[in-house]
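Just below is one structure, and these are the notes that go with it.
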Number of protein chains: 2
Amino acid sequence: MHARVPSIGRAAIVPDSAHRDTAVPMIPKQPAPDRTDPLDDIDRKILTILQQDGRLSGADIGRQVNLSQPAVSARIQRLERQGVIKGYTAVVDPTQVGLTIHAVIRLRTTHARIPEALALFRDLPELTTAYRLTGEDCFLLDIHTPDTATLQRVVDTVGRLGPASTSLVLDTYERKPLPLPQ
Amino acid sequence: MHARVPSIGRAAIVPDSAHRDTAVPMIPKQPAPDRTDPLDDIDRKILTILQQDGRLSGADIGRQVNLSQPAVSARIQRLERQGVIKGYTAVVDPTQVGLTIHAVIRLRTTHARIPEALALFRDLPELTTAYRLTGEDCFLLDIHTPDTATLQRVVDTVGRLGPASTSLVLDTYERKPLPLPQ
DNA sequence: CTTGAAATCTCCGAACA
DNA sequence: TGTTCGGAGATTTCAAG
């Protein structure tokens, strides 16, 4: 009936800041109330393994971390509940689905136009990731299009927000697992 | 014994160009031998669904695309075999694992030092993605560190390759599924 | 956390439209 | 290509220890 593992949905185009509380007390809280338990070595191993293959079973992971399957499953559920694992995704090769053009756009806009920019991003399917950066009110946009004509349309659209400079991505080098500290 | 779904491994820090043939005939091939069958609407739906939840079962997906489980499984296997689906991964929240600093570095180096740069990238765990860009021999680097001290070390290391400018990522807006064309 | 059993769930293959 | 129907196997869940 339902998936083997409960889905962890994530809305598209939602700023991380929306997940944080807006009202913050001015008095410092002494022990810094980390709302998530600290991860131990086994948690980090599990996360590394799941980043490399998001469909491994608890038993398979258990063999790699010397833990029983129920123990692993319990940890994974806890990591999902805490939001450490935000979800699972299939990694699709853009070039294989007709998205031959990969580009990044650096956008320089004013503070006042940021809400307008976010609204515009929402209606740009070709935009897969937008970074809000320090320095000169800048956005960095990740764009995938099937052809240069579509890219041109995107560039023109984004350019209305301010000065934008576009670069094509010639090659991509990726490292799967994050460098989990401690 | 083994995973329900065969893992599709992907080595860390491997350029996409390494997957392409190096020897290319100079004579044009007339029909443009796309080595992968064109995707139909159902394939695209399946890919979109699997990008949103990489652990859904064939039966679950079948309900969404009005197809039987064996038909869906066969399509997914074909997509994996063709390399359209490169793998599956758990999405981990960097801030939740102690990676509080997210930065991008624009690196300007010379053509001759590109191999050196790639070798250096290989030994930088904090570097999760490197884009080779058009214009001024540029790389765009995605960096995650637990603190500013580590970021400084990364910036200094990368800076040896050429002029580098670093920006902090203040917020991230992401759209999960790629905009599959056609 | 571990073990062990039960209950699902998942994929696979055969027969067929 | 597709569907339906079983069966074999794997996975999670839940019980105790």
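The model shown is predicted, which means the values in this text are computed figures rather than measured ones. Chain letters run A, B, ... following the sequence lines, proteins first and then strands; every chain starts at 1.
- Only one option out of A/Leu151, A/Val158, A/Thr157, A/Thr145 pairs with A/Glu126 in a side chain to side chain contact (heavy atoms under 4.5 Å, CB included); it is A/Thr145.
- Among the nucleotides D/dT12, C/dG4, C/dC11, the one closest to the side chain of A/Arg55 is C/dC11.
- Rounding to whole angstrom units, CG of residue A/Leu56 and P of C/dT10 are separated by 17 Å.
- Atom CZ in A/Arg78 sits roughly 15 Å away from atom P in D/dT13 (whole-Å rounding).
- Of all nucleotides listed (C/dT3, C/dC1, C/dG13), C/dC1 comes nearest to the side chain of A/Ala71.
- A/Ala164 approaches A/Ile105 most closely through the heavy-atom pair CB-CG2, 3.8 Å.
- Between B/Arg75 and the choices B/Ile46, B/Leu47, B/Val65, B/Ile61, the side chain to side chain contact (heavy atoms under 4.5 Å, CB included) rule is met once, by B/Ile46.
- The CG-P distance, from A/Leu67 to D/dT12, rounds to 14 Å in whole Å.
- Regarding A/Arg63, its CZ atom lies at a distance of 15 Å from the C1' atom of C/dT3, rounded to whole Å.
- You'll find that the side chain of A/Ser73 is closest to D/dT12, out of D/dT12, D/dT4, C/dT3.
- Between B/Leu140 and B/Arg106, the shortest heavy-atom distance links the atoms CD1-CG, 3.6 Å.
- The CG atom of A/Asn66 sits 16 Å away from the C1' atom of C/dT3 (whole-angstrom rounding).
- The distance from atom CD1 of B/Ile46 to atom C1' of D/dG2 is 13 Å, rounded to the nearest whole Å.
- Residue B/Ser57 has no polar side-chain atom (N or O) positioned under 4.0 Å from OP1 or OP2 of C/dC9.
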### From CA spacing to verdict: ring-ring contact (aromatic ring centres under 6.0 Å, His included), A/Phe139, A/Phe121
CA-CA 11 Å; A/Phe139 283 103; A/Phe121 295 165; 5.2 Å; yes

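- For B/Gln77, counting side-chain heavy atoms from C-beta on, the closest listed nucleotide (C/dC12, C/dT3, D/dG2) is C/dC12.
- If you measure from atom CD1 of B/Ile76 to atom C1' of C/dC11, you get 11 Å, rounded to the nearest angstrom.
- For B/Ser68, counting side-chain heavy atoms from C-beta on, the closest listed nucleotide (D/dT3, D/dT13, D/dG2) is D/dT3.
- The base of C/dC12 sits within donor-acceptor range of the side chain of B/Gln69, with an N or O pair under 3.5 Å.
- Set against D/dT11, C/dC12, C/dC11, the side chain of A/Asp60 has D/dT11 as its closest nucleotide.
- Checking the phosphate oxygens (OP1, OP2) of C/dC1, a side-chain nitrogen or oxygen of A/Arg75 falls inside 4.0 Å.
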